[in-house]
Amino acid sequence: MKNFMALFATPVQRVTGILAIVTLYVTLANGLLPPDSFLYVSDYSVTLLGKYLCYALLALSVDLVWGYCGILSLGHGAFFALGGYAMGMYLMRQIGDRGVYGNADLPDFMVFLNWDVLPWFWAGSDSFIWMVVMVVLAPGLLAYIFGVMAFRSRVSGVYLSIMTQAMTYALLLAFFRNEMGFGGNNGLTDFKDILGYSLQSGSTRLSLFIITAVVLWLAFFICNRIVNSKAGKIVMAIRDAENRSRFVGYNTASYKVALFTFSAVLAGIAGALYVPQVGIINPGEFSPINSIEMVIWVAIGGRGTLYGAIVGALVVSYAKTRFTAIMPEAWLFALGGLFVLVTLLLPKGLVGLWPTLKAKAQQLWPKTKEQAL
Amino acid sequence: MKQQASVMGATENLVPDTRHGVILYMENVSVSFDGFKALNDLNLYINDGELRCLIGANGAGKTTLMDVITGKTRPDQGKVNFGQQIDLLKLNEAEIAQAGIGRKFQKPTVFEALSVYENLYLSLKMDKGIWCSLWHKLNGEQKDDIERILATIGLTEQRHGLAGNLSHGQKQWLEIGMLLAAKPRVLLVDEPVAGMTLQETERTAELLTSLAGEHSVVVVEHDMSFVRSIARTVTVLHQGSVLAEGTMAQIQSHPDVKRVYLGEEST
Ligand SMILES: Nc1ncnc2c1ncn2[C@@H]1O[C@H](COP(=O)(O)OP(=O)(O)OP(=O)(O)O)[C@@H](O)[C@H]1O
Ligand SMILES: [Mg+2]
């Protein structure tokens, strides 16, 4: 037992272990157990879990810039949505002539708008490879341009946060318009299959879930490497004393741009994994409140730890699923309340609670341990 | 020489030309804040390898002068050169630091969330680009450098402690250590002994004097006994311009200085 617990000594090992166990369990329970078994995991639950893991990846990307570099982005929803749209465009094209209008070349909404050719920016959208490129490029490029403009002119703090909100809001308005060519307020939906596999089938859903878990683990691993590298220390130095870092010889703006861009790409990947699992992407994903919710996940989980972000996203998303089933109107109030409570009582978030509890427990029962030995 | 220059890449033309013996040139430099002239047509030359003390009343413009050299403040007019050929007014803070001008602030600023060791690590003279930083591993020589500096600044035992937990005096020392790690040609040191005990002050004096020669050192300090203990050449600033320059004895007997500075202090 002791050896087994030693496998969970560091945060990396803990995240790896728990993700592996959950993924394995879900895979086996969904694939092998009979549906009437108590331990069975339904296709619906698999997809729900897959969705949570996408949120966890998104939260990870927010924590990387906020927790480690002090960049409070209130616009990460935009990067998530852009990745989602890139995936959505590909899935739209996979429908082919199976749409309502039976047009093999044009998605339904374009036929409806009386368009007769694909807009130029849809070129290549039927290629899986091109889609993957766009999932990285669209959010990455936007973040890069935004970052260069903001960080080179030394915008920071509240002003930066407001700019990121404005960015996602502007995109929300733009994507609502039919003329933009992204399906207007209905967005992109009615997807049929991905790489030839039906999105309705249980095995595709399970595969998507497993892929999401693997990507999340990989992203966590890479982020962890980054924050523990010399570059990670520099980023923290910039967070705490940007001026000093400049006089030590670091071009702080380029570090911030790079980190922000990488984080946006992670958010975009999360969006791309999210869309085939929920079956729709619409402009609502750009709404400012979404981006604020992500920051709250990180704050509740514990910022500046990476795994705290994952914990926060999972806990809050689960609570949201439960809560909105009972009282959908009250969710935002509950979320706000939770946020205030955590900030006041647990400045280090939920994961900050663990060391405190452990110390308390040792204080309370120091004897029992010795007796046990 | 050619080969070495190409290896150095972007910094190749950032080696100051000091054939005339001067490493820092400031000519006719003026800085004004909302009409108030913090520096007023200032001329100052720092020789290569010298230790120079800058004194002057509060608000005389000493810190502003360092801000101008390090790129934090842009002057309204004037010329600031590093060696004969490098125009510092064309470089940003990071480039100036990489070129070899290090600075210690009046208020000690270290990276509080990082360990003492990491503070020195980040300050080492090396490629400061992102790609290099992502993959960087300390080599033996760099580790030795850090160890030596830790010993010099007396923080070997605190090496793995957070810099934020150091005492005020220790932070001052760490900041000096960070300067040393960068192996700069010029060290600008703003009030290094503020808040130090007498013993710490003495050690700082020893350290700074030992640095001169290999480095050029400019020290701003209010503590006159400290200045007396290290000074070779002293420059007196007054209302943004140089009032007098010379040895401590010359300065003390200088009529203008007696009038505006030492006179003020004694009242
Ligand atoms: N950013 C700024 N904006 C407005 N005024 C400034 C600014 N920086 C400095 N000053 C003013 O310029 C003058 C020179 O300031 P400086 O800090 O260079 O003085 P100092 O010689 O370093 O003084 P001290 O001994 O108190 O550190 C002061 O009157 C100060 O109020
Ligand atoms: Mg000053």
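Heavy-atom basis, side chains included; hydrogens, waters and symmetry copies ignored. Letters A, B, ... are given to chains in the order of the sequence lines, protein chains preceding strands, and every chain is numbered from 1.
- Residue contact with chain A, scored on non-hydrogen atoms closer than 4.5 Å, is absent for A182(B).
- Within residues 217-251 of chain A, the residues having any heavy atom less than 4.5 Å from a heavy atom of chain B are, in residue-number order, I226(A), S229(A), K230(A), A231(A), K233(A), I234(A), M236(A), A237(A), R239(A), D240(A), A241(A), N243(A), R244(A), S245(A), R246(A), F247(A), V248(A), G249(A), Y250(A), N251(A).
- For L114(B), the part lying near chain A is the side chain, with the backbone staying farther off; criterion is any non-hydrogen pair under 4.5 Å.
- Within a 6.0 Å sphere centred on OH of Y45(B), other residues, nucleotides and ligands contribute more than 12 heavy atoms.
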